[in-house]
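The block underneath contains the structure these notes are about, expressed in structure tokens.
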Amino acid sequence: MRHWLMKSEPTTFSIDDLDASRGRRTIWDGVRNYQARNFMRDDMSVGDQVLLYHSSCEIPAVVGLMSVVAGAVPDPTALDPDDPHFDPKSDPEAPRWVAVEVRLERRFRRPITLETLRSDPALEGMQLLRRGNRLSVMPVTEAEFERVIALA
DNA sequence: GCCAACGTTGGC
DNA sequence: GCCAACGTTGGC
């Protein structure tokens, strides 16, 4: 089992939205970055644990824990001309973008803020904390994962 | 709203 | 294949 972190802007899709979704599940669509796509397509498996991170908001933080409940499928939003994430260059015969399905497992009683993460020496190497990091889907080591969970 | 970082695009 | 221009991300 692997560990991951996925970002979402809460104004677009928050942990509240996920909590309110049927079965507390959602398709993680809209990812339009090749590296992030490759992680979802090639390395994510059912049962993997995923930290949910709120970005571009007042208090950026890890807010909950999700699990992968279905592996990568073609991202339907890339093929829908009416969708804001439509990609005219994605060929329906060979879809360029994929999405996994995730389920909310846990809401953390207190969000683990970016500030908290940064102040923890044990998390110094975390990819999320690297300068210039913009990936919305990234791996987390088991040690980092356990450490973050311990802070919740 | 600013701006650094970085990915993508497209002309050559 | 290079690289400048441009767009996006995301913390502050």
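In what follows, chains carry the letters A, B, and so on, assigned in the order in which the sequence lines appear, proteins first and then strands, with residues in each chain numbered from 1.
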Legend entry - Ion pair check, A/D75 and A/R32, cut-off under 4.0 Å: yes
[N] [atom2] sits how many Å from [X] [atom1], rounded?
{"X": "A/N133", "N": "C/dT9", "atom1": "CG", "atom2": "P", "value": "13 Å"}
{"X": "A/R131", "N": "C/dG11", "atom1": "CZ", "atom2": "P", "value": "15 Å"}
{"X": "A/I59", "N": "C/dG11", "atom1": "CD1", "atom2": "C1'", "value": "13 Å"}
{"X": "A/R134", "N": "B/dA5", "atom1": "CZ", "atom2": "P", "value": "12 Å"}
{"X": "A/N38", "N": "B/dG7", "atom1": "CG", "atom2": "C1'", "value": "14 Å"}
{"X": "A/W97", "N": "B/dT8", "atom1": "CH2", "atom2": "P", "value": "7 Å"}
{"X": "A/Y34", "N": "C/dT9", "atom1": "OH", "atom2": "C1'", "value": "17 Å"}
{"X": "A/R118", "N": "C/dG10", "atom1": "CZ", "atom2": "P", "value": "13 Å"}

Are side-chain N/O atoms of [X] and [Y] paired as donor and acceptor at under 3.5 Å?
{"X": "A/T77", "Y": "A/D80", "value": "no"}
{"X": "A/R130", "Y": "A/N133", "value": "no"}
{"X": "A/E105", "Y": "A/S67", "value": "yes"}

Legend entry - Contact under 4.0 Å: A/Y53 side-chain N or O vs C/dG11 OP1/OP2: yes
Legend entry - side-chain N/O A/K7 vs C/dT9 OP1/OP2, d < 4.0 Å: no
